[in-house]
Amino acid sequence: MMDSQENTLELGKNEEVVNEEVTSQVETTENSEPATEQAEEQTRVVYETKADVLHRLQDIAHGEEVPQKDEVEYLKSSFYKLHVAEREAKLKAYLDAGGDPEQYQYTPDEQEEAFKAEMGIIKEKRAKIFKEQEAEKQENLTKKLAIIDRIKAMVTTPDEANKNYKEFKALQEQWREIKNVPADKANELWRNYQLYVEQFYDMLRLNSEAREYDFKKNLELKTALCEAAEKLADEEDVISAFHQLQKLHQEYREIGPVAKEQREEIWNRFKAASSVINKRHQQHFEGVRAKEEDNLARKTVLCEKVEAIAAEENKGSGDWEKHTKQIIDIQTEWKTIGFAPQKMNVKIFERFRAACDDFFGRKAAYFKGLKETFKENAEKKRALIEKAKELQSSTEWKSTSDKFIALQKEWKTIGMVPKKLGDQLWEEFLAACNTFFEARNAAGAGARGEERENLEKKLGIIEQLKALATETGEEVADKVQKLVDEYNAVGHVPYKEKDKLYKEYHAVLDKLYKDLNISVAKRKLNNFKQNLKNVAERGENALDNERTRLFRQYENLKSEIQTYENNLGFLNASSKKGNSLIDEMNRKVQKLKDDMNLIREKIKAIDAENKQ
């Protein structure tokens, strides 16, 4: 049998190894806790509804079980994931149904209020349990210190070692029955306990059989723990295997020593089995962390996409709707991506939500302002309709005609309204105008003879214009303008012939203008190209300055064309007999496009000159 000092040193050495291993496992558990909680979410029950989450939360709040932090956090995450998805689905359904975003209001959620109440109860319950556990740990510490003091006292009375043996075994049993103590005291407490236990055993020289019996029993217990740890290698649930291993380590350190020659062997076997589980656990969370980092990268890209879309300029309702669809598609993709690392999960979501909120907030403000503008324009047009209805029965033909013409001009100056309402208002206004002018024409039947003569004159001018379509030369434009002036100087024609004559006249005139514009544009472009060398001689920046000036003209024409085309979109409604305003605006748009094309060709000519 070894002497007391040798036994103490040897056992102390091995127990320190046990302590280091256990401490390492505890630290691993603490450091891995956030990732463990996320991984366990993947193995827990998937809740389909908020009611299911709330029901489970109520069981925890009002039942006897101790609330577990990881489960409570998982329930909270599941509830708000369902809550946010439900809220976004309602908003999308509202928008898809044509709802106005600024009118949408989120309704209070009774389930959310109930959820918060139950969480408050659980928080209080956990705080109470924690306080009780801390008090129990302090009490256990006091008890174990008393046991150490008693064993220490036994060590100082070697003559009574055999007499104290039964009490010593009882103290060991009491030690094992006493559970958790404060973590910062655990290792020191254990080392002191083991020190005096070994010293007591060393005193039992006359009772070696009892000591050998304890060694044998402890070896059997530790062997069983080794076997249990080795079986954990086949456990499919890596997280569960790791937690079970921590319990085995706790049991291992509570068991007393074995024979000196077997201590290192049994510990190495237990440590080898533990290493297998720890390695699997580490590899598992390395995979989890890699996946989370990939999720973070994907979510960062989506944030950048939404931020870029939110930063784009929206020139009208079409742009807002196009960008809205893009962001909703991105939000759908976001929901398919799993968790990011815990320290970044909330931050990346807040970044994504901030970009979305910024866009939809500005969209709501835009449509609110647009709605107010539409409302004001609609009121102005209704006021003109009322004036037209008041005048439609007047027989003061000349003065009332002037008033109607003034009303029509004022109508053109009023901005846009929604198309459906705009068509309706235009029909009302046009009906009042037509009522008056048809009555006026009927009253002027005596002037029909003069109108027939005017018709013949205008038809003759149209034939002359047709003849000019085959001529070439610079004087053609002057001839066309002269005939146009003659045409405009001729008075009214029969009302029934007016629209037919109008179409024929403008068809000829549009063709002439188009041909003349092409010819003139070519001549202007040729003159411009010939003059480029003279421009270049003015200085090294002359061509660049000319290009800049032309580019500004190009952008101005482009903007003017867009304005005309937008206005045309709100002037589609017309009477059955035609709308001269629309035809006139279409001619202006075509002229502007021809001018813009000429400027584009000039810019190309400058670029070609610069390359030379």
Inset, instruction - Examine the side chains of D329 and T332 and answer whether a donor and an acceptor come within less than 3.5 Å of each other. - result: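 Short answer, no.
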Inset, instruction - Report yes or no: do E286 and Q282 form a side-chain donor-acceptor pair below 3.5 Å? - result: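 Present: a donor and an acceptor within the cut-off.
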Salt-bridge test for [X] and [Y]: reply yes if a basic N is under 4.0 Å from a carboxylate O, no otherwise.
X: D109; Y: K50; value: yes
X: E379; Y: R382; value: yes
X: E88; Y: K335; value: yes
X: E65; Y: R56; value: yes
X: K69; Y: E73; value: no
X: E173; Y: R176; value: yes
X: E136; Y: K179; value: no
X: K375; Y: E372; value: no

Check whether any side-chain heavy atom of [X] sits under 4.5 Å from a side-chain heavy atom of [Y], and report yes or no.
X: L225; Y: I255; value: yes
X: S274; Y: H249; value: yes
X: V258; Y: K216; value: no
X: E118; Y: I60; value: no

Legend entry - Rounded distance [0.5 Å steps], CZ in F359 versus NZ in K363: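 Reported to 0.5 Å precision, the distance equals 6.0 Å.
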Inset, instruction - To the nearest 0.5 Å, tell me how far N314 CG sits from E321 CD. - result: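 Here the interatomic distance stands at 10.0 Å.
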Inset, instruction - Apply side chain to side chain donor-acceptor pair (under 3.5 Å) to the pair H83 and Q111, showing each step before the final yes or no. - result: CA-CA 9 Å; H83 178 69; Q111 287 183 318; over 6 Å; no
Legend entry - Working for side-chain contact (heavy atoms from CB on, under 4.5 Å), residues W334 and C356: CA-CA 12 Å; W334 177 281; C356 293; over 6 Å; no
Inset, instruction - Identify which one of L195, V197, N192 satisfies the side chain to side chain contact (heavy atoms under 4.5 Å, CB included) criterion when paired with I151. - result: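 Result for side chain to side chain contact (heavy atoms under 4.5 Å, CB included) with I151: V197.
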Using 30° and 60° as the class limits, which term best fits the ring planes of [X] and [Y]: parallel, tilted or perpendicular?
X: F242; Y: H281; value: parallel
X: Y74; Y: Y47; value: tilted
X: Y193; Y: W175; value: parallel

Inset, instruction - Please answer whether the main-chain N or O of E555 pairs with a side-chain N or O of S559 as donor and acceptor at a distance below 3.5 Å. - result: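 Looks like no, no N/O pair under 3.5 Å.
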Inset, instruction - For S240 and Q244, run side chain to side chain donor-acceptor pair (under 3.5 Å): C-alpha distance rounded to whole Å, both residues' side-chain angles, the deciding distance at 0.1 Å, then the answer. - result: CA-CA 6 Å; S240 175; Q244 291 180 57; 3.0 Å; yes
Legend entry - H55 atom NE2, over 12 foreign heavy atoms within 6.0 Å: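 No, not enclosed.
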Legend entry - Stepwise side chain to side chain donor-acceptor pair (under 3.5 Å) check, Q250 with Q246: CA-CA 6 Å; Q250 182 64 30; Q246 307 316 302; over 6 Å; no
Legend entry - Pi-cation contact, Y252 with K222 (under 6.0 Å, within 45°):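 Yes, K222 and Y252 form such a contact.
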